Structures are given as structure tokens and as C-alpha cells.
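No hydrogens, no waters, no symmetry mates; every other heavy atom, side chains included, goes into these values. Numbering of ligands and ligand atoms starts at 1, following listing order. Residue indices begin at 1 and follow the sequence shown. Values in this document were obtained by computation on a predicted structure and should not be read as measured data.
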Amino acid sequence: MTKTISLLGATGSIGRQTLQVARELGLGVAALTAHRQVDLIEQQAREFHPELVVMTDAAAAGELRLRLSDLPIRVMTGEEGLLEAATLESADTVVTAVVGSVGLRPTLQAIEKKKRIALANKETLVCAGELVMAAARAHGAQILPVDSEHSAIFQSLQGCRDRSEVARLILTCSGGPFFGRSYEELEHMTPAHALKHPNWSMGAKITVDSATLMNKGLEVIEAMHLYDLPVEQVDVVIHRQSIVHSLVEYRDGAMIAQLGTPDMKLPIRYAFTWPHRAASPDRRLDLLTCGDLTFRAPDTEAFRCLKIARECAKTGGTACAIMNAANEAAVMAFLRGEIGFNDIARRVESALSRVEVKYEPSLADILEADRLARLAAVN
Ligand code: NDP
Ligand code: MG
């Protein structure tokens, strides 16, 4: 069980919910990191008394240092700060809740220190899944999923003694705000439309990913790595109600699922308490009032990102790293109003056609693929 956390991305949607769970479970907090939200992290630092606070933005770090000068808290900046937070002696668990592939190096270093990783930052597994899982095996570090679908699968796998008995994983997908729209209709969708998710309240990047279905594509790749299965054994179904969080189908045809209200605090809490469960004050699912549960096939012609992700998963090498970085850059361009909604998939495809895939990549190859793909996606 987790006793003390280092929380990377404390001011985000997952970060704030993690601190609610930490408060509830009475966990210690050794480090908090954010990019530039000084007001919120100052409040968090005053409540949780970490030994280290990191602002990756240098100007924000300078401001925070002044504001926290009455407390015995170290303030650091940049990637150096993130790496220090990920490897602090006093934390047994590192929560990776930063957004994007910036989470990769801190996650690898935390694994080398044998920390329990409560992993929300899916981009890390998408761009370097083989390296990350191999490092976790080599150092005996546990990776506990925070992503709700992967937590549901993890929960449905408890008691499975032989992974070859798993026939397939079925990831559920809400379909996002644009479910049922045609490719032509999607052309006109703006950031304001995309940021209205029907069931979950999340950061801007993942909310746009949920609208393009790239989020589900990233999750297919995340599941392959976490559960060591080929992409052919990871399926996706649209389930508008977000109540069945995902399923495992075993070879005898049994399907085991985890159900609940759409609330990230459950998977966050389970990542800390596994292999045990703690009592929760949160609202429970009421089967009698939750309404009908529906399941449909995804439309991968209108939502091309899901298809692109499956193809990259088959290609292997640095293909997923290229796709992920191009997507990060394209989503930011979409949020700034520079490109249209369907341009996100076009930019990703363009980057994939221009950046060469390397096989059996080193960490340096992955970081270089990430850099080149970001450039290719905006030029
Ligand atoms: P948010 O955008 O809400 O939060 C991101 C956090 O990362 C903030 O603390 C932010 O700091 C920090 N950050 C932003 N840019 C950088 C950077 N360049 N370097 C270091 N830190 C940075 O994201 P979410 O909480 O929604 O998502 C976090 C991760 O969890 C993502 O990988 C997402 O895919 C995954 N996830 C999220 C879910 C959700 O429900 N939100 C569900 C499942 C997975 P600041 O606030 O100062 O900008
Ligand atoms: Mg998810």
C-alpha cells in the first residue's frame, strides 16, 4: 500500500483528484509539480507540506519561491526538478499525472528507484511502452493503472493466474461529444464544441483526444503494453453511458467487467490501496436508476485517429512515438484555433509519412522521433 506520494502534475484534473484521495486516505505528500499555475500549487503546498515543489516554467518557479519563503520547502524548476520529484527517497509512489510525453523520463527514473508508479500519463506508455515495461520488469517496479479503462481491466484480471487464458480486452469508449457525426460534419467542429465532454471532466488535451477518439487509440496501445497482448486482442466498443469501464473476455467465453459511476477517484484510490480496497465516500452506482446500457461499434471512417493508432501499434518501433508527438502538437494547434478538427488526423498522418520509423529504438531514438514529429506536425 502507498504511504507517501510524489505527485507530478498536481494542478491538473487528475492531480487535484489525487490530492482529494490523499486527504481521504491520509497519505503523505513528498513532492508536488506543476507547469505554471502558481496560485493553486501554493495552496496545495500550504496544505500538504511537501519537501519539494517544482514549477517546470522558470518564471513561475521564481514567483513560487518568493511566495513560499516562510516555509521549509525546496522549489525547483525544469526537467531537473521533475526528475528530482520522481526520485525522492521519501516517496514510495510516484503519480504521473502530467500531460504528454514530458512524463517519459521522470517515469523511467522513478522505475529505476523501484517506486510504485500510479500511471495516469498514458503518453509515456504510448511512446515508449517496450522500454518502460522492460525497465519495470528489470527493477521490479509495479505500474498501477490510473486510466479508468485500464484500472477496470486490472481489476477484472485479479485472480487470473495464467495470462494465456485471456482471449481479449474490450475497452469501452464514451464516443465523446461528436458521437454519430459524419466526417463532413466534423470538419466544422470548434474547440468550444470539442471541450464539452458528455461524461467526464478532464484536462483540455485529453478532452480533445476524446472527441477525435485518439484517446481510445492511445488507450489501445497503453493496454497492449500494460497487459502484454497484441493489438488484435484489444477491442473497442462505444458505450455512451461510461458505466461499464472495460472488460476482459476469457477463453471460456466469460466476460468480467468493472462498473461504477464515472469518477476517476476510484481508479486513483485503487492504485494506492491495491491489493486491498478502502472505503469510499463517493456516490455509488445505482443499477435501478442508471438507465439502459448500450454498446456499438466505433465509426473509424469518421474518427480516423482510432484507425491510425491501431496501424501504428502494428507497425511498432517509433511509429507510436511519432503519432503521439504529432497528435500533441496538432491538438495544441487546434486549441489555439490555428487548424480545424479533422486537420488533427491529417497532421498526424502527414508526420507519419515524413518521419522515418526506427525499429528496436533506444530512449534517444524515441526522444528524437518525438522532436521530429512535433516539427513535422506544425510545418
Ligand atoms: P491537465 O491538463 O488537467 O493537467 C496537466 C498537469 O500537467 C498540470 O498539473 C499541468 O500544470 C502539468 N503540465 C502541463 N504541461 C506541462 C509541462 N510541459 N511540463 C510539466 N508539467 C506540465 O491534464 P489531466 O489531469 O486531464 O491529464 C493528465 C494525464 O492523465 C494525461 O496524460 C491524461 O491523458 C491522463 N488521464 C487523464 C484523465 C482525466 O480524467 N483527466 C483520465 C485518464 C488519463 P499547470 O496546471 O501548471 O499547467
Ligand atoms: Mg481512459
Side-chain angles (χ1 to χ4, degrees), residues 7-20 31-44 53-61 63-64 76-83 85-86 95-107 117-127 145-154 171-176 195 197 199-210 213-223 226 236 239 242 244-246 258 262-268 271 324-325 327-329 331-332 335 370 374:
L7 174 53
L8 314 186
T11 50
S13 159
I14 293 289
R16 284 177 273 122
Q17 295 179 82
T18 298
L19 288 176
Q20 283 185 44
L32 296 169
T33 88
H35 188 46
R36 53 164 74 109
Q37 280 204 64
V38 177
D39 287 345
L40 180 54
I41 206 149
E42 182 190 353
Q43 277 176 31
Q44 294 175 338
V53 179
V54 177
M55 299 302 285
T56 39
D57 180 82
E63 163 87 29
L64 188 71
M76 291 180 72
T77 188
E79 191 179 36
E80 193 195 341
L82 273 185
L83 296 178
V95 184
T96 64
V98 291
V99 58
S101 58
V102 64
L104 174 55
R105 273 205 279 222
T107 307
I117 310 292
L119 186 122
N121 177 239
K122 63 190 84 182
E123 293 91 348
T124 282
L125 277 189
V126 170
C127 65
V146 166
D147 212 346
S148 58
E149 296 77 1
H150 304 75
S151 176
I153 289 169
F154 182 61
L171 298 177
T172 54
C173 171
S174 73
L195 289 174
H197 195 279
N199 305 343
W200 298 95
S201 161
M202 311 179 285
K205 193 259 175 183
I206 183 175
T207 306
V208 174
D209 285 346
S210 300
L213 297 204
M214 179 57 98
N215 183 49
K216 213 47 56 177
L218 300 177
E219 291 186 354
V220 167
I221 299 165
E222 184 185 9
L226 279 173
V236 172
H239 168 51
S242 298
V244 178
H245 294 308
S246 282
Q258 184 248 326
D263 184 342
M264 290 306 298
K265 293 199 294 306
L266 190 142
I268 294 169
N324 176 66
N327 180 60
E328 284 186 33
V331 169
M332 293 310 143
L335 285 170
D370 181 289
R374 278 170 207 274

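- Of all the heavy atoms of Met55, none lies under 4.0 Å from any atom of ligand 1, so neither backbone nor side chain is involved.
- Among all non-hydrogen protein atoms, the one lying nearest atom 36 (N) of ligand 1 is Ile206 CD1, 3.6 Å.
- With Asn121 contributing its side chain and Gly100 its backbone, the two residues share a donor-acceptor pair below 3.5 Å.
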### Query
Lys216 and Glu149: side-chain contact (heavy atoms from CB on, under 4.5 Å), yes or no, with the steps?
CA-CA 10 Å; Lys216 213 47 56 177; Glu149 296 77 1; 2.8 Å; yes
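- The atom of Glu149 that is an N, O or S and sits closest to the Mg ion (ligand 2) is OE1.
- Between the side chains of Asp370 and Ser101, a donor-acceptor pair is found at a separation under 3.5 Å.
- Atom 27 (O) of ligand 1 has as its closest protein heavy atom Ile14 CG1, 4.3 Å.
- Within Asp147, the N, O or S atom at minimum distance from the Mg ion (ligand 2) carries the name OD1.
- Distances from atom 14 (C) of ligand 1 to the heavy atoms of Thr18, Thr33, Val99, Asp39 put Val99 nearest.
- Nearest protein neighbour of atom 35 (C) of ligand 1, counting heavy atoms only, is Ala120 O, 3.1 Å.
- Closest to the Mg ion (ligand 2) among the N, O or S atoms of Glu219 is OE2.
- Among Gly12, Ser101, Ala204, the residue whose heavy atom sits closest to atom 1 (P) of ligand 1 is Gly12.
- Scanning all protein heavy atoms for the shortest distance to atom 20 (C) of ligand 1 gives Thr56 OG1, 3.3 Å.
- When hydrogens are left out, the protein atom nearest atom 34 (O) of ligand 1 is Lys122 CE, 3.3 Å; that is the closest non-hydrogen contact.
- Looking at His35, Arg16, Gln17, it is His35 that brings a heavy atom closest to atom 11 (O) of ligand 1.
- The nearest protein atom to atom 10 (C) of ligand 1, hydrogens excluded, is given as Thr11 OG1, 3.9 Å; this is a heavy-atom distance.
- The single protein non-hydrogen atom nearest to atom 26 (O) of ligand 1 is Gly203 N, 2.8 Å, given as residue, atom name and distance.
- For the pair Met264 and ligand 1, a heavy-atom separation below 4.0 Å is found.
- Taking a cut-off of under 4.0 Å to the non-hydrogen atoms of Arg36, the atoms of ligand 1 that pass are 45 (P), 47 (O).
- The closest donor-acceptor contact from the side chain of His239 to the backbone of Val244 lies under 3.5 Å.
- Residues Glu219 and Asn215 have side chains that bring a donor and an acceptor to within less than 3.5 angstrom of each other.
- Considering Ala97, Ser13, Pro145 only, the shortest heavy-atom separation from atom 28 (C) of ligand 1 involves Ala97.
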